[in-house]
J.: 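If you scroll down you'll find the structure; I have some questions about it.
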Amino acid sequence: MTENLIRRRALRIEQNPSIPLYLFALEAGEVDRVADVARISRDEAGKLLGYQRPEKKQHVKQILDYLDGEDVLFPNGLILALPSSVRFKGSRGPNSTDGLATIGTIEIPLPASDEAPRPALIVDGQQRSLALARTKKSKLPVTVAGFVAEDLEVQRDQFLRVNTVSPLPTNLVAELLPEVNTKLPTRLSARKLPSTLVNALNQDSDSPFRGLIKQASTTGDRKSEAVVKDNSLISAIEESLAPSGVLFPYKNLSNGTTDTAAMRDILVVYWTAVRDTFPEAWGLSPAKSRLMHGVGIRSMGRLMDRIMDRVLLSAEVGSKDAYDKAMAELELVKPHCHWTKGRWPELNIPWNDLQNTPRHISTLSNVLIRIYLQSRMSAS
């Protein structure tokens, strides 16, 4: 090792010719010099940065206590995304490779100062890496698998794939999925479109939900403003993408295309009408408004399928006419809603007893749809 270079014996695994993969070891004290954690956040323009969840202090402490104890065996390695500036020199001789791996030496450049960015990013093992940086056993050898990829999309893809045994927080997965364009497992792929639409609702200037959706990257002052859990909206959109939902016709199953823009416009029109129909209940915390609560979002999402299906029979998607018609339809249920005070007489419970449970979501949805259909029949 030189002052600005770490050199280690390594195996180059012959797996993907376009993404070099290496297995090697680092000292515990070297991990912090080589690799950094890419925390999930957004810049001022709303662009998603990083992919890692926050530090779990108790988890890190448990690992650190073990590392500082006796008889340490630490086979759990780290997965790093390495820069293209790393160099690998294969060993000479007829036995340097067996067709699966090649023996050699890897050279990893180090930053010129402590303030400079570290060359690698941790894709898996951030809690372990934090403990390794603090252990008294700074010379402890640690196994590392490193793949060369400076593209955040490749890193996020691998991050989502390796974190399947211990599930990632749903809001972290939801916010990362729209940024990954590689082929995903079926379960993750099904959530990508709803997550993309929720991201748009939280970012677009014409959306009534702008800044109100709580996502993994929501930090600082934005936390107090974000009152709607992204998972509630994602679930509502997933239901609307089913064959009986109003968003379903905008998925072309024959050629696999999706009119995401039209879906977004339908959501913006409907939820803007909801906001303007119930201004006293909009933007408040769920404790003060059940409209912003999971039970309100899910139930009004089911009502959306009925209302917007009728609206779009005579109005263009995203038009002012569609908004006006949605407002008129919502007026039919408005007098019967009790989002911030009073009781729901049809349910015989106070407004704030509604909970985000399958039973309450189903019951409230049925009440809203029944009132809407009965009012529509009476009005016609």
Side-chain angles (χ1 to χ4, degrees), residues 40 42 45-48 51 153 156 160 168-182 184-218 222 226-253 256-275 282-283 291-294 296-309 311-312 316-319 322-323 326 361 365:
I40 188 168
R42 289 187 183 271
K47 182 180 179 182
L48 190 66
Y51 45 85
E153 182 177 317
R156 286 169 176 152
L160 289 172
L168 293 168
T170 54
N171 64 342
L172 177 60
V173 174
E175 199 166 1
L176 288 174
L177 280 175
E179 306 292 330
V180 177
N181 294 316
T182 53
L184 292 163
T186 303
R187 180 180 61 84
L188 292 178
S189 180
R191 292 182 66 84
K192 182 173 179 177
L193 177 56
S195 298
T196 299
L197 291 167
V198 167
N199 272 3
L201 290 175
N202 204 26
Q203 299 292 323
D204 293 351
S205 59
D206 62 340
S207 168
F209 285 110
R210 179 175 170 82
L212 294 182
I213 302 173
K214 187 180 299 182
Q215 297 180 289
S217 64
T218 305
R222 294 169 55 212
V227 294
V228 176
K229 289 186 176 179
D230 61 350
N231 196 51
S232 296
L233 261 179
I234 287 171
S235 296
I237 292 171
E238 283 179 329
E239 291 186 338
S240 192
L241 286 166
S244 60
V246 71
L247 300 181
F248 179 77
Y250 299 90
K251 293 194 303 181
N252 191 326
L253 300 182
T257 60
T258 301
D259 191 347
T260 309
M263 293 180 182
R264 188 213 76 102
D265 289 346
I266 291 171
L267 292 166
V268 168
V269 165
Y270 174 73
W271 286 104
T272 299
V274 171
R275 178 196 66 189
W282 192 262
L291 179 59
M292 300 285 95
H293 197 279
I297 294 294
R298 294 288 301 281
S299 301
M300 291 299 287
R302 292 179 182 180
L303 182 61
M304 176 185 74
D305 290 330
R306 301 300 184 106
I307 287 180
M308 293 307 293
D309 191 48
V311 165
L312 295 174
E316 291 292 327
V317 173
S319 66
Y323 165 80
I361 292 169
S365 300

J.: Pair Glu316, Asp265 - check side-chain contact (heavy atoms from CB on, under 4.5 Å), show working.
T.: CA-CA 10 Å; Glu316 291 292 327; Asp265 289 346; over 6 Å; no
J.: Check whether any side-chain N or O of Ser207 sits under 3.5 Å from a backbone N or O of Phe209 as a donor-acceptor pair, and report yes or no.
T.: yes
J.: State, to 0.1 Å, how close Met292 and Gly283 come at their nearest heavy-atom pair, and which atoms those are.
T.: SD-N, 3.4 Å
J.: Let me confirm one number: the CD1-CG distance from Ile307 to Asp309, rounded to the nearest 0.5 Å.
T.: 11.0 Å
J.: Within the side chain of Asn202, is there an N or O that forms a donor-acceptor pair under 3.5 Å with the backbone of Arg210?
T.: no
J.: Here's a test for you: under side-chain contact (heavy atoms from CB on, under 4.5 Å), which of Thr258, Ile266, Thr260 qualifies with Tyr250?
T.: Ile266
J.: Kindly write out the residues that satisfy ring-ring contact (aromatic ring centres under 6.0 Å, His included) with Tyr270, not counting sequence neighbours, or none if the list is empty.
T.: none
J.: Please output the side-chain donor-acceptor pairs of residues 234-245 that fall under 3.5 Å, not counting sequence neighbours, one pair per line with the distance.
T.:
{"residue": "Ser235", "atom": "OG", "partner": "Asn231", "partner atom": "O", "Å": "3.0"}
{"residue": "Glu238", "atom": "OE2", "partner": "Arg191", "partner atom": "NH1", "Å": "3.3"}
{"residue": "Glu239", "atom": "OE1", "partner": "Arg302", "partner atom": "NE", "Å": "3.0"}
{"residue": "Glu239", "atom": "OE2", "partner": "Arg298", "partner atom": "NH2", "Å": "2.9"}
{"residue": "Glu239", "atom": "OE2", "partner": "Arg302", "partner atom": "NH2", "Å": "2.9"}
{"residue": "Ser240", "atom": "OG", "partner": "Asp305", "partner atom": "OD1", "Å": "2.6"}

J.: Check Lys214 against Ala226 and note the closest heavy-atom contact, atom names and distance.
T.: CE-O, 3.4 Å
J.: Taking side chain to side chain donor-acceptor pair (under 3.5 Å) as the test, write out the residues that go with Ser365, two or more places apart.
T.: Ser299
J.: For Val246 versus Pro249, what's the shortest heavy-atom pair and its separation?
T.: O-CD, 3.3 Å
J.: Does any non-hydrogen side-chain atom of Val274 lie less than 4.5 Å from one of Leu291?
T.: yes
J.: Could you tell me whether the side chain of Leu267 reaches within less than 4.5 Å of the side chain of Met304, counting heavy atoms only?
T.: yes
J.: How many angstroms lie between CG in Leu233 and CD1 in Ile213, if you round to the nearest 0.5 Å?
T.: 5.0 Å
J.: Please test Val268 against Asp204 for side-chain contact (heavy atoms from CB on, under 4.5 Å), starting from the C-alpha separation and ending with a verdict.
T.: CA-CA 10 Å; Val268 168; Asp204 293 351; 5.8 Å; no
J.: What's the spacing between Ile297 CD1 and Asp230 CG if we round to 0.5 Å?
T.: 11.5 Å
J.: When you look at CZ of Arg275, are more than 12 heavy atoms from neighbouring residues, nucleotides or ligands closer to it than 6.0 Å?
T.: yes
